[in-house]
Asker: 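Here's a structure for you.
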Protein chains: 2
Amino acid sequence: MGGCIFRDAPAHVSVTNNKMPSIRAVASRAGVSTATVSNVLNARRSVAPDLAARVHSAVQELGYIADLGASRLRSRKSSIAGVLVPDIANPFFGAFVGALEAAARRDGYDLLIVSSGGDPVQEAARLRALLTWRPAGVVVIPCDDSLAARDVAIAAGVPMVAADRIPSGEPIDLVAVDNFAIAKQVAEHLLAGGRRHILAATGHLAISNVNERIDGTRAAVRELGGTLEVIEVGLSYPESRARLDARFAAGPLPDALFTLNNLATLGALDALSAHGLTVPGDIALVGFDDEPWMHVVSPPLTAVRQPVEQMGFEAWARLMARIGGDVSPPVQVRLPCTLITRASSLPIDAAAMASA
Amino acid sequence: MGGCIFRDAPAHVSVTNNKMPSIRAVASRAGVSTATVSNVLNARRSVAPDLAARVHSAVQELGYIADLGASRLRSRKSSIAGVLVPDIANPFFGAFVGALEAAARRDGYDLLIVSSGGDPVQEAARLRALLTWRPAGVVVIPCDDSLAARDVAIAAGVPMVAADRIPSGEPIDLVAVDNFAIAKQVAEHLLAGGRRHILAATGHLAISNVNERIDGTRAAVRELGGTLEVIEVGLSYPESRARLDARFAAGPLPDALFTLNNLATLGALDALSAHGLTVPGDIALVGFDDEPWMHVVSPPLTAVRQPVEQMGFEAWARLMARIGGDVSPPVQVRLPCTLITRASSLPIDAAAMASA
DNA sequence: ATGAAAGCGCTAACAA
DNA sequence: TTGTTAGCGCTTTCAT
């Protein structure tokens, strides 16, 4: 352990501007006590109308903005929440955080957002950084099933809810998507279209939601017949492209491709065209995660739409419940996905007709 | 004005968990004063090695995590920075914030991120919410040229740097892209390919960076001949698609389309195929903002790549300078974009050959 | 209904 | 080198 409980980097921080008036300035300008100012602004105790009016105009004139840090210190009530995602620059996590922010805002919370970079060590370190601000609670999208962040949150006694990926071990509040059900539906759709050999392409197998997706696919294959092959294509676009390239060059071709994340979909499109394979003629393609561009390409791509906004809302709702003192056992919320059927997964016969 | 200087929503906040040990707990466990603990952890004054060791083990044993809110209150040094973007769920802003976060982290700062939703009123309100946490500085992507947030930041004396869009009025530190130069280059590229009638499609004309792009395009047209037509297609995907649909149905067709943002590019692709127009045969297409999918579609899309990570880094660098006390006049940093040339903007003759 | 005073966790000034 | 004390801006007793 690098061992420092404080910041990762030395804080070359500088003196904050002290132009901002304090509650005392407001109080003296309004000719009341600081307690009264506080009571007016927080509507805590009733205050005579004229005093309240004087306070309000003092606030206005001075441009007073309360210091919530100081407020939290004294009141022990925090109106900040922490968010820990693998990478805020990833559109999926961005959308999640956007929904979270909207929900949090409605409840009067601000969000401190940090990225773990997909590294469990960073995950724990960044959570510690979050806790230095004493958030009322934390929402985290774990970078793997181990959820390194859990221990430190538990030790600190800060409510935490996980989202998207499913941590192993001790149960914890979780909001995720019904990976199994939708993957099964995808496979059923492909098999119903006459496909027999499904190739599932995923970044990493170490992530639980991916395994649920594979399990769902396998369940359908077992029920309806056909074969399932799984290939790990890594986490970067060029890598996934190369892996699929190699696979297409190597063995007998599948007649359906199910890409389990966006990067894989991109790599697949590239590798398919490099090998002169047509979609859906030679191979049907279905991607996990629907994105706006998928219906402007040709053929338009069949995709699984994840209810990412709803995930954000639900995660926030769970967190609020915990912050509010809910001590019931951890719950798992599973949200249904939608299969958006487009031309890339047309049944074999229809695809053949179209290309003829 | 709804008039409350505090939160937008009533804070139904709850008592923070008080399981966390304070610096006093550490001090007494280590048998030293709180000042010594502080000095050890912040490496401020030199402390005898044995005392330091005792402090460190006490920290370890108790799982002590310093309260940076309290620290800031006393030291008047803030290690938090505010970020205000139109919409964190937008991939472009997400990428920007990601870069900003990486840079901030290296300097020991955490980020409080809020979205204005593209609404100037919200912009000001959200900035006030940020200031409530006494950030050392603020980075903002304004929602329009008026930059409603400016006044409140200035009044509070908090350093602020703007990014991406160019606020009018009083100069302010700004990091943006060289819109004019790259747009000119795009137009030159199109004209050199034998195109004569460029249609530039934008969301809104009220945003300065868009106008710079149009000016750049116009400059090339003036120099090299040809015509420029500008069309406003709104901010949503369906709207942009409908507007372009109408335009294609109405008048003489352009032979080049320059979409000034991502939504417009998506809408264009849709409208083009709806009208049976081929790219680049009938119309060349160039989009502002390069995205991963653009080179897997057919034809691959020519696009302007914005150095969004670098924008984040530069913005942070400017902010750090200001936080560090730099009082020199505001500067404008302009970053160069790159034109990624792909098949969608092939010269007329090559395009004709390809389709023949 | 209002004010005075104490104190949240921390660090800066001052003593020793 | 270390400890003691005061006080950051706020809210919360406790008086009045």
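Proteins get letters first, then strands, A, B, ... in listed order; numbering begins at 1 in each.
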Asker: First locate atom CZ of R24(A), then atom OH of Y64(A), and finally report the distance between them rounded to the nearest 0.5 Å.
Answerer: 10.5 Å
Asker: Just one of M160(A), R165(A), E170(A) clears the side chain to side chain contact (heavy atoms under 4.5 Å, CB included) bar with L147(A), so which one?
Answerer: M160(A)
Asker: Can you tell which of dG9(D), dG3(C), dA12(C) lies closest to the side chain of K77(B)?
Answerer: dA12(C)
Asker: Would you please confirm or rule out a distance under 4.0 Å between OP1 or OP2 of dC8(D) and any side-chain N or O of R24(A)?
Answerer: yes
Asker: Would you mind classifying the nucleic acid contact of T34(B) as base, sugar-phosphate or nothing, using non-hydrogen atoms under 4.0 angstrom?
Answerer: base
Asker: For the side chain of S75(A), counting heavy atoms from C-beta on, which of dT11(C), dT12(D), dG9(D) is nearest?
Answerer: dT12(D)
Asker: In whole Å, I'd like the distance from the CZ atom of R54(A) to the P atom of dA1(C).
Answerer: 16 Å
Asker: Would the distance check show the side chain of S115(B) and the main-chain N or O of I88(B) forming a donor-acceptor pair, the cut-off being under 3.5 Å?
Answerer: yes
Asker: Between dT2(D), dC8(D), dG9(C), spot the one nearest the side chain of T36(B), thanks.
Answerer: dT2(D)
Asker: Tell me which nucleotide among dT12(D), dA12(C), dT2(D) gets nearest to the side chain of S38(A).
Answerer: dT12(D)
Asker: Whole Å only: how far is the CD1 atom of I80(A) from the P atom of dC10(D)?
Answerer: 16 Å
Asker: For a quick check, tell me whether the side chain of R74(B) and the base of dA6(D) share a donor-acceptor pair closer than 3.5 Å.
Answerer: yes
Asker: Consider the side chain of A48(B), meaning its heavy atoms from C-beta on, and name the nucleotide among dT1(D), dA1(C), dC8(C) that approaches it most closely.
Answerer: dT1(D)
Asker: Can you tell which of dC10(D), dG3(D), dT2(D) lies closest to the side chain of A35(B)?
Answerer: dG3(D)
Asker: Determine whether any donor atom in the side chain of R45(A) lies under 3.5 Å from an acceptor atom in the base of dT2(C), or the reverse, and answer yes or no.
Answerer: yes
Asker: Side-chain N or O of S33(A) versus OP1/OP2 of dA4(C): is the shortest distance under 4.0 Å?
Answerer: no
Asker: Are D119(B) and R126(B) close enough for a salt bridge, meaning some N to O gap below 4.0 Å?
Answerer: no
Asker: N42(A) side chain N/O closer than 4.0 Å to the phosphate oxygens (OP1, OP2) of dT11(D)?
Answerer: yes
Asker: Does R44(B) make a side-chain donor-acceptor contact with the base of dT11(C), cut-off 3.5 Å?
Answerer: no
